[in-house]
Amino acid sequence: MAGYAFWRLVQAAIAVFGVMTIVFVIMRLAGDPTLLLVPEGATREHIEALRHELGFDRPIAVQYVAYLADVLRLDFGQSVVQRLPATAILASRLPYTLELALGASAIALLVGIPAGVAMAVWRGGALERLLATFVVTGQSMPTFLSGILLILVFGVLLGWLPTSGSGGLSSLVLPSIALGALSMATFARMARIAVVDELSKDYVRAARARGLSQGAVVVRHVLRNAAVPVVTIAALEFGNLLAGAVIVETVFAWPGIGQLAIQSIQSRDFVVVQVVVLFVSVIYVAMSLLADLAYAWLDPRIRLHG
Amino acid sequence: MSDVLLAVENLTVDIGGTAVVDGVSFAMRRGEVLALVGESGCGKSLTAMALLRLLPPAARLAAGRVVLEGQDLAALPERAMRRLRGEALSIIFQEPTASLDPLATVGSQIVEAYRVHRGVTRAEARRAARDMLDAVGIPDAERRLEQYPFELSGGMCQRIMIAIALVCGPSLLVADEPTTALDVTIQAQILDLMRKLVAERGASILIITHDMGVVADIADRVAVMYAGRVVEVAPVAELFASPRHPYTALLLASVPRLDATPKAQLATIEGRVPSPDEFGVGCRFAGRCPLAVQRCHEAPPALADIGRDHAAACWRSADVARLMEPAS
């Protein structure tokens with residue numbers, strides 16, 4: 001188990017390093033931010049001076065090594081636009097994204113898993129068809145469309161919930177639904193597949209032969225066995241929700257890191273872009289590591305002998 | 001007739017409109033070991049599952065009665081049937097390891113089987129589970145109860161399954177190919193164990209198998225199935241000595257024998273088992289039977305008594321002895 005964990009950590013580090021490198025290169029390819037920073041009508045000397053001050057006149061390889069050295073010292077640089085430490089900017093937005101990711105996860109798990117289990121247990125019936133329609137809708141509707149529809153119906157027409165911004169629990173509801181819908185569909189499908197798969201196994205028949213009702217077999221045996229694949233997905237999905245809220249945060253004017261990423265890209269504030277992407281990739285890799293550990297914890301065959 | 005434990009009458013199981021178990025009837029006495037023998041796909045396992053009313057979703061109990069201790073199981077509501085499973089009749093399966101929940105300790109699964117019927121405290125059920133492990137010959141019971149199925153061998157898991165099946169003291173144990181997945185040495189141990197436990201408890205065993213060795217080892221009587229029907233029923237010694245259905249005779253002739261001439265060709269049965277859509281109106285073995293005459297293809301022979309405790313479903317049962325003569 002320890003050897004396995006060590007290799008998973010090495011893999012994780014390589015993944016994060018790869019992401020850092022790609023983002024660094026792509027941001028440099030996108031153009032020189034100096035021109036965006038200088039006031040209109042600045043002289044050539046003025047521009048060159050600023051470029052030198054920010055270090056953009058050095059070769060890209062030198063800039064890259066300097067960047068890696070800084071990251072290793074946990075110095076993630078200063079925003080070239082706001083002149084603030086990039087980590088401070090990130091930290092100021094993080095609580096909003098966390099809040100939204102938790103809201104979306106709650107909706108995804110609390111709706112998706114019961115829906116998936118119900119679809120498996122009553123498969124072939126009217127309930128399954130009804131739930132399947134619901135799940136496919138959640139899965140296939142693009143976020144920018146579902147977000148705008150939710151705003152139109154619940155914000156504008158019915159006036160029940162705020163249309164945008166962050167202010168209390170009521171403003172969290174619509175963006176959580178918009179963001180959680182896809183994960184909800186994923187959980188429902190995964191849970192359904194896992195439960196159907198388990199229901200066909202010999203131990204289910206054997207448990208019924210002991211005198212247990214179908215419901216008792218599902219609750220006592222099937223759910224736990226089916227949870228193994230679902231938990232793995234859950235951790236990955238949470239990583240997704242933290243990282244993938246760019247569109248929802250834009251549609252709902254939610255001041256999280258997704259919106260920060262868009263704003264930073266538009267102003268070519270690549271120090272901030274780098275720190276956002278680095279953060280998101282670390283979260284994502286950490287979640288997949290967590291998924292593996294949860295898998296091991298749930299399954300005694302891995303827990304005891306892995 | 002008070003010594004009749006189980007009477008299966010005209011049991012018919014239907015898959016997609018075809019009777020894959022077709023009018024099966026047999027009876028079992030208390031304390032008896034009855035073997036239900038046949039090739040794969042002859043309907044013997046479906047018959048077993050029909051007794052417990054645990055047929056797969058595609059199959060349907062279309063007709064028949066399953067009278068266990070005077071109660072027709074086929075007519076019971078599901079709730080009442082559930083109370084009998086594990087209590088009055090139990091089953092063990094071919095794949096012992098797959099039949100245990102991989103994520104639950106074996107102890108918890110025995111405890112569950114006991115508590116669902118007895119409603120006792122966990123501690124009492126645990127005591128019963130420990131006693132059961134002792135009874136099925138698993139040493140170091142305390143530690144074993146905490147183990148998971150993957151930590152035990154196949155033979156060990158089958159002992160656990162037997163413990164689960166017998167913990168509530170059922171009067172009938174159905175054993176569906178209980179030793180097929182096990183090593184031959186373990187196989188003999190499991191059969192011995194089943195026989196001993198069932199004798200101690202005065203219960204009966206219905207053992208489903210395709211293995212004549214298992215039949216000879218454990219059974220008192222044998223019911224032979226072919227293509228969804230029972231074709232012969234007889235005490236084991238009599239069946240082996242003088243089968244009265246050509247299928248039984250050919251099946252026995254195809255078992256390798258230690259006393260046969262070295263290098264003698266092993267007998268085979270020509271052709272293959274008909275699939276349900278190929279069943280004709282007559283005897284289902286007629287197409288492969290060396291004794292078949294016109295009548296065999298036209299009308300199905302009923303299972304008829306042809307001697308004391310011996311029945312066969314064959315128009316030519318009187319001529320079957322001919323098939324048993326060694327080929328020259």
Side-chain angles (χ1 to χ4, degrees), chain A residues 1 117-128 191-192 194-232 234 292-306, chain B residues 45 48-49 51-57 78-106 108-118 146-151 157 160-161 163-168 170 173-174 176 181:
Chain A
M1 187 82 194
V117 172
M119 280 161 71
V121 171
W122 290 287
R123 64 185 176 285
L127 182 65
E128 187 190 13
R192 183 190 177 279
V195 170
V196 166
D197 188 41
E198 291 302 323
L199 282 174
S200 71
K201 290 193 175 163
D202 285 356
Y203 75 81
V204 170
R205 187 178 60 170
R208 298 263 289 139
R210 252 172 255 167
L212 264 63
S213 66
Q214 179 80 4
V217 177
V218 169
V219 171
R220 291 193 205 174
H221 297 287
V222 170
L223 287 186
R224 194 176 152 156
N225 278 280
V228 175
V230 174
V231 163
T232 313
D292 282 3
L293 296 180
Y295 197 88
W297 174 73
L298 274 172
D299 193 331
R301 283 163 292 191
I302 304 174
R303 184 170 68 218
L304 300 178
H305 287 253
Chain B
S45 286
M49 295 317 290
L51 298 191
L52 280 107
R53 296 243 314 262
L54 286 175
L55 288 167
E78 171 58 26
R79 184 179 285 272
M81 185 65 220
R82 201 191 302 154
R83 276 198 291 271
L84 295 182
R85 288 188 200 118
E87 172 79 34
L89 78 169
S90 295
I91 187 165
I92 59 174
F93 298 99
Q94 181 171 345
E95 295 287 349
T97 312
S99 296
L100 290 162
D101 179 347
L103 299 188
T105 61
V106 296
S108 74
Q109 301 186 58
I110 307 175
V111 164
E112 177 182 76
Y114 196 64
R115 290 189 74 199
V116 71
H117 295 294
R118 297 294 154 84
E146 294 307 319
Q147 290 193 311
Y148 291 91
F150 77 95
E151 297 178 272
C157 283
I160 300 286
M161 287 305 291
I164 290 174
L166 297 183
V167 70
C168 289
L173 174 66
V174 180
D176 187 1

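Heavy atoms only: backbone and side chains are in, while hydrogens, waters and symmetry mates are out. All values derive from a computational prediction rather than experimental measurement.
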Which region of [X], side chain (C-beta onward) or backbone (N, CA, C, O), has a non-hydrogen atom less than 4.5 Å from a non-hydrogen atom of chain A, or is it both or neither?
X: B/M49; answer: side chain
X: B/Q94; answer: neither
X: B/R83; answer: neither

**Request:** Taking all non-hydrogen atoms of both residues into account, name the closest pair between A/G211 and B/V116 and its distance.
**Result:** O-CG2, 3.8 Å
**Asked** What's the shortest heavy-atom distance between B/L54 and A/R205, and which atoms?
**Response** CD1-O, 4.0 Å
**Message:** Restricting to side chain to side chain contact (heavy atoms under 4.5 Å, CB included), what partner residues turn up for B/S45, sequence neighbours left out?
**Reply:**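 Listed in chain order: B/D176, B/I208.
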**Request:** Using side-chain contact (heavy atoms from CB on, under 4.5 Å) as the criterion, point out the one residue from B/R85, B/Q109, B/H117 that pairs with A/R210.
**Result:**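 Of the listed residues B/R85, B/Q109, B/H117, the side-chain contact (heavy atoms from CB on, under 4.5 Å) partner of A/R210 is B/Q109.
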**Message:** Taking side chain as everything from C-beta outward and backbone as N, CA, C, O, which of these in A/V222 sits under 4.5 Å from a heavy atom of chain B? Side chain, backbone, both or neither.
**Reply:**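 A/V222 has no heavy atom closer than 4.5 Å to chain B.
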Donor-acceptor pairs under 3.5 Å, side chain of residues 96-104 of chain B to any protein atom, not counting sequence neighbours: which ones?
residue: B/S99; atom: OG; partner: B/E95; partner atom: O; Å: 2.9
residue: B/D101; atom: OD1; partner: A/N225; partner atom: ND2; Å: 2.8
residue: B/D101; atom: OD1; partner: B/L103; partner atom: N; Å: 2.9
residue: B/D101; atom: OD2; partner: A/H221; partner atom: ND1; Å: 2.6

**Message:** Heavy-atom pairs under 4.5 Å with chain A - which of B/M161, B/E112, B/E78 has more of them than the others?
**Reply:**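 Most heavy-atom pairs under 4.5 Å with chain A: B/E112.
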